[in-house]
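One structure is given below, encoded as structure tokens.
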Amino acid sequence: MEHPNKPKNSAFKQQRLKAWQPILTPRPVITTFFIVGAVFVIIGVALTVSTNKVKESKIEYTDCPLNSTCTKSIEISDKLSSPVYMYYQLTNYHQNHRRYVKSRSDKQLRGEKVSFKDLEICKPRRSLDDSSSPDKIYIPCGLIAYSKFTDIFELGDGASNFTLSKGDIAWNSDVTKKFQNPNPFPVGIEIQRNFEDPDFVNWMRVAALPTFRKLYAKIDQDIEKGTYNLYINNTYEVSSFDGTKTIILTTTSWAGGKNIFLGSAYLALGSFIIGIGIFCLITHLVAPRKLADTTYLPWKS
Amino acid sequence: MKKQKKKEQKKQKQNEQKKQRKIIITDQERGKDFPFVGNSIKTTKYNILTFLPKNLFEQFRRLANFYFLIVIILEYFPFSPLNPTVSVLPLIFVLTITAIREAYEDIQRNKSDSKINNSPTICLRNGSFQTMKWKDLKVGDIVKITNGKFFPADIVILSTSEPMNMCYIETCNLDGETNLKIRQGLQVTSFLNNNENELSNFQATIDSELPNNRLYKFNGALNFNEETHSLSNTQMLLRGCALKNTKWIIGVVIFTGSDSKIMKNSTDPPSKRSTIEKQLNIRLISIFIFLGIIGLVGAFFSGYWQHKWGGSKSWYMGDEVNHDNLSPVLIGVYGFFSFIIVCNVMIPISLYVTMEMVKLIQTIFINHDIDMYHDETDTPAKARTSNLSEELGIIEYIFSDKTGTLTCNIMEFMKCTIGGIKYGNGVTEVAIAAAKREGRILENNRKKNEPAFNDDNLLNNLHQKTQSSQMIHEFLTMLSVCHTVIPEKNQENESEIIYQASSPDEGAFVQAARLLGYRFHKRTPNSITVEIEGKDETFEILNVLEFNSTRKRMSIIVRTEDGTIKLYTKGSDSMIMERLSQESQDVDVTNNHLEEFAKDGLRTLCFAMRVIPEDEYQKWNKNFHKANIAIENRQEKLDESAEEIENNLQLIGASAIEDKLQEGVPDAIEELSKAGIKIWVLTGDKRETAINIGFACSLLTQNMTIITISGNDLQSTKNALESAIKENSNLDDNDDIMKKNRNLGLVIDGATLEYALNGDAKFSLLQLAQMCSAVICCRVSPLQKALIVKLVKDNLDVISLAIGDGANDVSMIQSAHIGIGISGQEGMQAVLSSDYSIAQFRFLKKLILVHGRYSYRRITKLIVYSFYKNMAFSIMQVYFAIFAAWSAQTLFDSFLISIFNVVFSSLPIVVISVLDQDVSQDAELRYPQLYSDRSRNFLFSFTRFWVWLFQGIYQGAIMFFIPYFIWKFEPLSSNGQVLGMWGMSTTIYTSLIITINLKIALETTFWTWMHHLTIWGSIVVWFLFAVIYNANLKISSKMFHVVFQTLKLPNIWLQILFVVVLSLFPDFVYKYLSRYYRPHYWQIIQEQEKIKPKKSINTVNSFNMQEPFLVDSAEELDKLLITEKMNLNEMNYIVDGKSEKFTGFAFSTPHNSSFGIVDKNLTLTFYDEDGENQISEKEL
């Protein structure tokens, strides 16, 4: 008899594929707890040690009068060894606001020719009074560029100032590719002449949170313990939105700047996991459950 | 006033006209005004023009689709943070896939329609018979149908090839009955022969009722020769029936196409949605509410932020030069919609596509399951819908038809006892099941096509001329003589005989006798001819004393060739035993044998005879004739008269017939009830037959208390029900174990159900039924079947499944949550209206326990996981909003948002919801209890759903806030450069992809290569994608090089590691501890499977009894209970005072048998299908 309708006996269709069937039995699970816990503690220690090596000094200068130069003295309590990074930090500043984030034209910033229509996205800072006449267009357009950070800093010990290097403070890919100066420079209202300027580039890379730091400069020499002068050309308004401005000098480790959070978190979680491991181990030793114990099946008991 | 009256009169007249249609036979001038529909049928939903709008409309009625439509519309507004294309593409994808499926299904329907519409038939047109297509038939056409053909429309018979203008039809497609029925044309038209000229000149009209759905009634009149002859159902041949045993008929088409009775009866199959899908909508609404709350929170805070910090304060926002209206209220209103748009992914659009895909694959598994393939009929299982596979996983009630579903509808002569000697070696299904319970393995060695009765001793003893041989001779003679079977000669092979038996038992007797050398081959109105060992012997039939349910026996009085008058009686043991003569021998031995037979689930009948002296017979016959012509109380008088002659009998023996259960039915029923499923048998059979089968298929067991309810009005039925409840619930209170074992069986018949399904009684019925582990409803009509299913479905919050094979089961199949049709046999009605079709009842076990259970677990996992991951994904937008001035800035790049579901998180869950197995199929079948373990109701509960969502909310919080605390203190790199928003976004996105993929890894314990490929693959794909997406300014200038700058940093990797571990840790610990200390049953089985070496794949149907695990301790309890309950073993709650006992006897005669031979004057009696009214009686 022919069987044209007979299904094929394939492993897939008969749901009999070969499979690895791991289940959470005590031995591997408890072992995992201990291993993961131990690894986490080790990472935690490593992070804590390295973050403790990072030295940081900061000075808030929000109180400096606007549109004037201002000098603040900054206390370096531990020696900062080269390279030292200088950041400005703003607070309550929403670079991540939706209307702010979108208000830029990457095409324009790449130095490409753009039409007025292309710049629609830059509104409300597309052009002066949103006029379509070419000479009223902001170069580059958009809220981000328009609100670029304008304070200028010098750091010195009274006798001489440190060299504030701008090399390598912005992503190489940004400086060389993402931002390119237009040639020739178009007519319009100039906001930023040099698109490839690392400070401008850093500003244009919007921050994730309303408290953010941006790298201002790199100092390629050690800064000994002591008190130094910070000269500020203070032009940038933050008080209207209750913001603050701070200058931070810091060294870095392999894990970045000073941040005890991650190391502590690792230590805490690692210890907790080990604790759970110990708990499970003890309960397993004291009141073990026989695997595949049929007394748990009601139709058996 | 007058005018009005006139109007009314006119109206009335019109109405009168409308009450009937006038048909002019072979009206040659059927022009444009021809008022009747054509004969083509159309079951399709769409046509080319209506497809698009209708289908779209249907699809947008789905809550989720409609929601996405709204979201897309919102996205076109300027306040939208997302580009509409982000949502349009997935929605179009979803709609297209569904539309393609719908179109495909409709095309299939169209194909089957056109196949039917184009079937050939013979019709008289232009004076000659022509072969035409069904669809071209018109009302008034004269058609000729030949033997075996289906009727293309509803037809009134004019003439037939048979005497008396009769014909036989099979109505299997209409009512599931396989025995032939008689239809008869009017005598006035019987002169019309198969002659084209004569027919062409035939002029008559028919007044018929309007098309309706009454299958068993027809009113009409034939106007011919200026005389009116009334037409009834007897002249009616319905579309869907087939002509049998008749060379040809000539008839007039009355109702065509959609007007035909069968089409009027077919309602659109109710579109069934699974419980999960309905629950899903409720879950969806809960998410909509959640989303709404997010929207409101977002609206409030965005407005508040604008109020507090907007305008000249946050000058960098340029609000002062912004020409848009930035009033806080408006910002708030925009904020509401913006947040809904940003979080719209909370409802996973891909879920529906994924679900359809997964369900489709689940149907493939069902369709290709080799264990559900029936070799003999070459029929695989078939899922006719993909919607309900998970519904199979939560069945609590099964409603089963009996004939053709539990049984094969084949009666087989299995054993007999003659003169105190038992013959027959066959093994019954029941015996096999009983042996299994006792831990023995009994096998059926019988080969296919071998007769069920095999015992050489019978023939040996027959041929040794002893007393025993005389008894055997009488026994075999009885088998071949005492019945109402009609032999039908095969047209091709004269020597081959087909027996047309209205009672399958009798068919089996005649068949068995023939195989033993007593070949019954000819019946005339007053004789039966049997070829006994090569020699014809003719028995003159003197009287037939019919079977009925009070007599429970039937007798035939014959005159043999040597002139002796013999009375042959067969009937239930109780009836026969009390009418035996004193001298009867072997009564005790026979009784013992009968008991043995009954234990094996066989239907037994006793055979007895008596030689009647001529004078006694003549005397009695006079009385009998008197009774036969009595006008009042004829039946009672006939019974009385029969009583006079049926006594002093000599016992010959007894037969045992197997109402052949389908293979594996008792086992399947037993296993399914272990799975916590209640099984109700709904059958048209008599009570005894039904109870017999109940025992045979393990539904009823010997230690069960059987409650029989019968009542003849509403009040008595209710009382009977209530007293039964009272009596049995008292027992329960005292004995908790008993309640657990639910050792009650309920038997109720259709007549009683008539009342029991009404008013308050139905709640009593329901209450009683719930107390019973088995319910048998006998003599129920198709409608009652559906009503019973509906009663349970509507009043108990349970999922029901109905299984049946015949057209009489259609309504039941359609009203249950899941309908199953038995395929592979004749008559496809049940299959066509079912959701799944299987060839054998036993396949139900695998369909439910394996496919249902897997599907349910898989689908629920798919749903909760899909919502979980999307919740984790979109809730982060809210966390981010806290720090982003509630501006609804998206945390992720919009392209990444749109492909999140499809690319990085869809395949693993698809693989898992297709392949996941918590325990093996073998274990599911071995431990049916797994089907109802305590996790089952939990799997898609509201709580579980939100527990999963809270996992998403928790993990989202971890994934966002851990980076938050770190990003506040940039730099994260040793070179001092900062990463900014898109760096943080990339980090979080990476943690998200890894977390949700590891989460699904935690959720499965079944790892095939596909799991590895998709789970690890999804993570790898993200990195590959990120590299490509970030590499080029043209692709995305926003994300340009972000991933390289970010993921090169050790700090970032440590964040990701931390986030992933912390996200999953609580879940992992919970999983371990709950498995360890509060294991689910399936987890225990899982461990068992892991520890013990896997058994070979073929263990599905073999049962290893050595395994202590398999012994059901409940059985031991049962044994204890038996002793206590012996006396209670049978309770009858019968109100009409007649208490009946059943002792394994059943004699199957369909109560609506269309013909019975009554006495030597051979009266042909026609009953209409209600079995009530005699329509006509004619003498031959």
Side-chain angles (χ1 to χ4, degrees), chain A residues 3 5-7 9 13-24 29 43 85 94 96-101 106 124-125 143 147 171 173 177-178 205-211 213-215 218 237 240-241 252-257 259 261-262 265-266 269 276 289 291-292 294 296-297 299, chain B residues 81 309 313-318 321-322 365 368 370 373 378-380 883-885 887-889 921 929 965-974 976-978 980-981 984 1005-1008 1033 1037 1040-1041 1045 1050-1051 1054 1058 1062 1069 1071-1072 1075-1076 1079 1081 1084 1086-1088 1090-1091 1097 1109:
Chain A
H3 294 109
N5 296 328
K6 188 167 183 162
N9 197 355
K13 284 180 180 167
Q14 300 308 320
Q15 307 199 62
R16 298 200 186 273
L17 283 175
K18 278 206 185 81
W20 173 56
Q21 287 167 283
I23 51 180
L24 301 178
V29 169
I43 294 173
Y85 298 94
H94 288 91
N96 57 9
H97 196 290
R98 183 161 61 84
R99 298 205 303 275
Y100 189 84
V101 170
D106 280 337
R125 297 276 183 208
L143 286 172
S147 63
W171 296 5
S173 57
K177 299 212 175 92
K178 189 166 174 174
R205 179 156 293 286
V206 292
L209 301 168
T211 298
R213 297 171 180 184
K214 295 216 182 267
L215 184 53
K218 198 166 136 192
E237 162 81 293
S240 66
F241 52 88
T252 59
S253 72
W254 58 273
N259 185 353
F261 176 79
L262 193 57
Y266 261 105
L269 183 58
I276 294 279
R289 172 170 83 76
L291 287 187
T294 52
Y296 280 86
L297 302 175
W299 63 88
Chain B
W309 303 111
K313 280 181 184 155
S314 295
W315 58 268
Y316 55 89
M317 290 302 301
V321 293
N322 201 327
F365 285 148
H368 289 84
I370 203 146
Y373 166 76
D378 188 31
T379 316
F883 306 101
S887 59
Q889 167 61 36
Q921 304 180 47
Q929 292 91 341
F965 284 114
I966 295 163
W967 242 268
K968 265 171 98 170
F969 307 103
E970 282 196 90
L972 309 173
S973 64
S974 59
Q977 290 173 355
V978 292
M981 187 165 106
M984 180 165 163
T1005 52
F1006 187 81
W1007 288 78
T1008 66
L1033 268 173
S1037 73
F1040 183 60
H1041 270 237
Q1045 293 291 342
N1051 186 311
L1054 288 178
F1058 186 84
L1062 185 56
V1069 173
K1071 279 201 162 54
Y1072 168 72
R1075 166 186 283 274
Y1076 201 53
Y1081 311 149
I1084 301 281
Q1086 226 174 31
E1087 288 165 8
Q1088 217 179 31
K1090 198 172 167 76
I1091 290 167
I1097 277 164
F1109 204 67

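Computed from heavy atoms alone, side chains included, the values below leave out hydrogens, waters and symmetry copies. Each chain gets a letter, A, B and so on, in the order its sequence line appears, and its residues count up from 1. Just so it is clear, the model here is predicted, and its values are computed rather than measured.
- In this structure, CZ in A:Arg16 is found 15.5 Å from OG1 in B:Thr1008, a value given to the nearest 0.5 Å.
- When the candidates B:Trp1007, B:Tyr316, B:Trp315 are compared by the number of heavy-atom contacts under 4.5 Å with chain A, B:Tyr316 comes out ahead.
- Considering only heavy-atom pairs separated by less than 4.5 Å from chain B, the leading option among A:Trp254, A:Trp20, A:Tyr100 is A:Trp20.
- Taking chain B as the reference chain and counting heavy-atom pairs below 4.5 Å, the highest number among A:Lys214, A:Arg125, A:Lys13 is found for A:Lys13.
- Top candidate by heavy-atom pairs under 4.5 Å with chain A, chosen from B:Gly980, B:Ala888, B:Ser1037, B:Pro380, is B:Ser1037.
- Atoms CD and CZ, from A:Gln21 and B:Phe1006 in turn, are 5.5 Å apart once rounded to the nearest 0.5 Å.
- Contact count versus chain A (heavy atoms, under 4.5 Å) is highest, among B:Met317, B:His1041, B:Lys968, for B:Met317.
- Only the backbone of A:Ser253 comes within contact range of chain B, with at least one heavy atom under 4.5 Å from a heavy atom of that chain.
- When each of A:Arg213, A:Arg205, A:Lys218 is scored by its heavy-atom pairs under 4.5 Å with chain B, the top score falls to A:Arg213.
- When atom types are taken as modelled, the side chain of B:Tyr373 and the backbone of A:Pro7 share no donor-acceptor pair closer than 3.5 angstrom.
- Per-residue heavy-atom pair counts under 4.5 Å with chain A were compared for B:Val978, B:Ile370, B:Val1069, B:Asn1051, and the maximum is reached by B:Ile370.
- Atom OG1 of residue B:Thr1005 and atom CG of residue A:Leu24 lie 9.0 Å apart, to the nearest 0.5 angstrom.
- Within the model, atoms OG of B:Ser314 and CZ of A:Arg99 stand 9.5 Å from one another, a figure rounded to the nearest 0.5 Å.
- Within the 4.5 angstrom heavy-atom criterion, only backbone atoms of B:Ser973 (N, CA, C, O) approach chain A.
- Residue B:Met984 touches chain A through its side chain alone, counting heavy-atom pairs closer than 4.5 Å.
- No donor-acceptor distance shorter than 3.5 angstrom exists from the side chain of A:Tyr85 to the backbone of B:Gln977, with no hydrogens or angles considered.
- Atom CG of residue A:Asn5 and atom CG of residue B:Asp378 lie 4.0 Å apart, to the nearest 0.5 angstrom.
- Under the 4.0 Å criterion applied to side-chain N and carboxylate O atoms, A:Glu237 and B:Lys313 are not assigned as salt-bridge partners.
- The residue among B:Lys1071, B:Gln921, B:Gln1086 with the most heavy atom pairs within less than 4.5 Å of chain A is B:Gln921.
- The aromatic ring centres of A:Phe261 and B:Phe969 sit 6.0 Å or more apart.
- Options A:Leu17, A:Val101, A:Asn96 differ in how many heavy-atom pairs under 4.5 Å they form with chain B, and the most are formed by A:Asn96.
- B:Trp967 touches chain A through backbone and side chain together, each having a heavy atom under 4.5 Å away.
- No donor-acceptor pair closer than 3.5 Å links the side chain of B:Ser887 to the backbone N or O of A:His97.
- Interatomic distance, B:Phe883 CZ to A:Leu209 CG, rounded to the nearest 0.5 Å: 7.0 Å.
- Shown here for A:Pro22 and B:Lys1090, the closest heavy-atom pair between the two residues is CA-NZ, 4.0 Å.
- Between the A:Arg289 side chain and the B:Arg1075 main chain, a donor and an acceptor come within less than 3.5 Å of each other.
- Chain B forms more heavy-atom pairs under 4.5 Å with one residue of A:Ile276, A:Leu269, A:Thr211, A:Ile43 than with any other, namely A:Leu269.
- Note: A:Ser240 leads A:Ser240, A:Ala265, A:Ser147 in heavy-atom pairs under 4.5 Å with chain B.
- B:Phe1040 approaches A:Lys178 most closely through the heavy-atom pair CD2-CB, 4.1 Å.
- Of the two parts of A:Lys18, only the backbone, made up of N, CA, C and O, holds a non-hydrogen atom closer than 4.5 Å to a non-hydrogen atom of chain B.
- Counting only heavy atoms from C-beta outward, the side chains of A:Leu215 and B:Pro971 never approach each other to under 4.5 Å.
- Both the backbone and the side chain of A:Ala255 come within less than 4.5 Å of a heavy atom of chain B.
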